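To start, the structure itself, in structure tokens.
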Amino acid sequence: MNYFSETLKKYFLIPVVSIKSLDKIIPLTQTLQDAGIKFLEITYRNENAGEALRILQKNNFNIIIGAGTIRTLAQAEEAIQCGAQFLVSPGYNKDIIHFAAKKNIPFVPGVDSTLGIELANSEGFSLLKFFPAEISGGVKWLKSIKGPYPEIKFIPTGGITLENLDFYVKLANVAGIGGSFLAPKNLISESKWDKIALICNKAIKIVESARE
Ligand code: 3PG
């Protein structure tokens, strides 16, 4: 977990993407890397996730590649075989938690409640995905949860945009930000790499100035 957490501290942003056409994965990853992004999360929301990970495994990007929306052991297993370097789940799944621990791969379970925090924390987790962030209370939720759970850090994901990013990044219990806003699916499908680079540049600037 250390390498993942340490890199997250510095780079903070995790673009979350679902790959519809596999021919987009290389130019997309190149664009993100050139823009200064250090993470990419490929979601298991369609049948291309494993293959997209496999393609990236064969290429030498200087980006930490992970698999998201992991809901089953089969997906976790495939993702690791295909080179995923971290796993993310939308919720709390005990089987996946134990599997990830056995495989010694960084894993970030998702929560949206005190119950989720308690369950994940009782398994030793102090870095959690807060999902779906905006609709579950967003910045207000994170501020309220800091009192009872000061040591727990979150990666809010779901509904984050360039417009609200700044409010999240300023919170002491936010350890990183995930979202598709960094590489929106319409821009990926239209191969608008320059526009994606521009969004990432803006997001990086927001993070840098919010954390000064
Ligand atoms: C995820 O899978 O983590 C989320 O769907 C990302 O949410 P967003 O599209 O609102 O950023």
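Not measured: the values here are computed from a predicted model. For the single chain, residues carry numbers from 1 onward in sequence order. Side chains are part of it too, since the values below use all heavy atoms of this structure and drop only hydrogens, waters and symmetry mates.
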Item to check | Contact check, side chains of Ile152 and Phe125, non-hydrogen atoms, under 4.5 Å | outcome: no

Next on the checklist: Would a single hydrophobic cluster contain both Leu198 and Ile37, if residues Ile, Leu, Val, Met, Phe, Trp and Tyr are joined by side-chain heavy-atom contacts under 4.5 Å?
Outcome noted: no

Item to check | Nearest atoms (heavy-atom pairs only) where Ile155 meets Leu8 | outcome: CD1-CD2, 3.6 Å

Checklist entry - Does some side-chain heavy atom of Lys153 sit less than 4.5 Å from a side-chain heavy atom of Val174? => result no

Checklist entry - What orientation do Phe39 and Phe4 show, parallel under 30°, tilted 30 to 60°, or perpendicular over 60°? => result perpendicular

Next on the checklist: Within the 3.5 Å criterion, strictly below it, is a donor on Glu6 or Tyr11 matched to an acceptor on the partner's side chain?
Outcome noted: no

Item to check | Stepwise side-chain contact (heavy atoms from CB on, under 4.5 Å) test for Val139 and Asn164 | outcome: CA-CA 9 Å; Val139 165; Asn164 61 18; over 6 Å; no

Checklist entry - With side chains defined as the heavy atoms from C-beta onward, is the minimum distance between Leu32 and Phe61 less than 4.5 Å? => result no

Checklist entry - How long is the gap from CD on Gln75 to OG1 on Thr69, to the nearest 0.5 Å? => result 8.0 Å

Next on the checklist: We want to know whether Asn2 and Ser5 form a side-chain donor-acceptor pair, criterion being a heavy-atom distance below 3.5 angstrom.
Outcome noted: no

Item to check | Donor-acceptor pair, side chain of Asn173 and main chain of Lys143, under 3.5 angstrom | outcome: no

Item to check | Contact check, side chains of Val207 and Asp166, non-hydrogen atoms, under 4.5 Å | outcome: no

Next on the checklist: Same cluster or not: Phe107 versus Leu128, using hydrophobic residues (I, L, V, M, F, W, Y) connected whenever any side-chain heavy atoms lie under 4.5 Å apart?
Outcome noted: yes

Checklist outcome for this item: For Ala133 and Pro156 the tightest heavy-atom approach is CB-CB, 3.9 Å

Next on the checklist: Quick one about Lys24 and Ser191 (side-chain donor to acceptor, distance below 3.5 Å, no hydrogens or angles considered), yes or no?
Outcome noted: yes

Item to check | Verdict with supporting geometry, Lys38 and Asn62, side-chain contact (heavy atoms from CB on, under 4.5 Å) | outcome: CA-CA 7 Å; Lys38 275 285 185 274; Asn62 187 18; 3.6 Å; yes

Checklist entry - Taking side chain as C-beta onward, heavy atoms only, is Asn59 less than 4.5 Å from Thr29? => result no

Next on the checklist: Is a donor from one side chain sitting under 3.5 angstrom from an acceptor on the other, for Tyr149 and Glu118?
Outcome noted: yes

Item to check | Lys58 NZ to Ile26 CD1 distance, which is reported to the nearest 0.5 Å | outcome: 9.5 Å

Next on the checklist: Less than 3.5 Å apart, any donor N or O on the side chain of Glu190 or Asn186 sitting next to an acceptor on the other?
Outcome noted: no

Next on the checklist: Can you confirm whether more than 12 heavy atoms, excluding those of Asn60, are under 6.0 Å from its CG atom?
Outcome noted: no

Item to check | Between CG on residue Leu187 and OG on residue Ser180, distance to nearest 0.5 Å | outcome: 10.5 Å

Item to check | Nearest atoms (heavy-atom pairs only) where Ala52 meets Ile25 | outcome: O-CG1, 4.2 Å

Checklist entry - Can any side-chain N or O of Thr161 pair as donor or acceptor with the backbone N or O of Glu163 at less than 3.5 Å? => result yes

Next on the checklist: Looking at Arg71, I want to see if its CZ is surrounded by more than 12 non-hydrogen atoms of other residues, nucleotides or ligands under 6.0 Å.
Outcome noted: no

Item to check | Hydrophobic cluster membership, Leu40 vs Leu182, 4.5 Å side-chain cutoff | outcome: yes

Item to check | Short N-O contact, Lys205 and Glu208, less than 4.0 angstrom | outcome: no

Next on the checklist: Quick check for you: to the nearest 0.5 Å, what is the distance between Ile65 atom CD1 and Ile63 atom CD1?
Outcome noted: 5.5 Å

Next on the checklist: Any non-hydrogen side-chain atom of Glu151 less than 4.5 Å from a side-chain atom of Asn121?
Outcome noted: yes

Checklist entry - Considering only heavy atoms from C-beta outward, does the side chain of Ile160 approach that of Tyr168 to under 4.5 Å? => result yes

Item to check | Side-chain donor-acceptor pair present, Tyr3, Gln85, cut-off under 3.5 Å | outcome: no

Checklist entry - According to a 4.5 Å side-chain heavy-atom criterion applied to Ile, Leu, Val, Met, Phe, Trp and Tyr, with indirect links allowed, do Val16 and Ile19 form part of one hydrophobic cluster? => result no

Checklist entry - What pair of heavy atoms forms the shortest contact from Val169 to Ala210, and how long is it? => result CG1-CB, 3.7 Å

Checklist entry - Honestly curious: do Ile117 and Ile97 fall in one hydrophobic cluster under the side-chain, below-4.5 Å linking rule? => result yes

Checklist outcome for this item: Of all heavy-atom pairs linking Ala76 and Leu87, the shortest is CB-CD1, 4.0 Å

Item to check | Phe130/Ser136 under side-chain contact (heavy atoms from CB on, under 4.5 Å): CA gap, chis, key distance, verdict | outcome: CA-CA 9 Å; Phe130 170 36; Ser136 306; 3.7 Å; yes

Checklist outcome for this item: NZ (Lys129) and CD (Glu41) are apart, to the nearest 0.5 Å, by 5.0 Å

Checklist entry - Does the side-chain contact (heavy atoms from CB on, under 4.5 Å) test come out yes or no for Ile177 and Ile14, once each step is laid out? => result CA-CA 6 Å; Ile177 299 285; Ile14 308 179; over 6 Å; no

Next on the checklist: For the NZ atom on Lys146, are there more than 12 heavy atoms of other groups (residues, nucleotides or ligands in this structure) within a distance under 6.0 Å?
Outcome noted: no

Item to check | Trp193 side chain reached by Asp34 side chain, heavy atoms, under 4.5 Å | outcome: no

Next on the checklist: Could you measure the distance from the NZ atom of Lys20 to the CG atom of Asn48? Nearest 0.5 Å is fine.
Outcome noted: 10.5 Å

Next on the checklist: On a heavy-atom basis, which atom in His98 and which in Glu123 lie closest, and how many Å separate them?
Outcome noted: NE2-OE1, 3.1 Å

Item to check | Lys/Arg cation over aromatic Phe99: Lys102, 6.0 Å, 45° cone | outcome: no

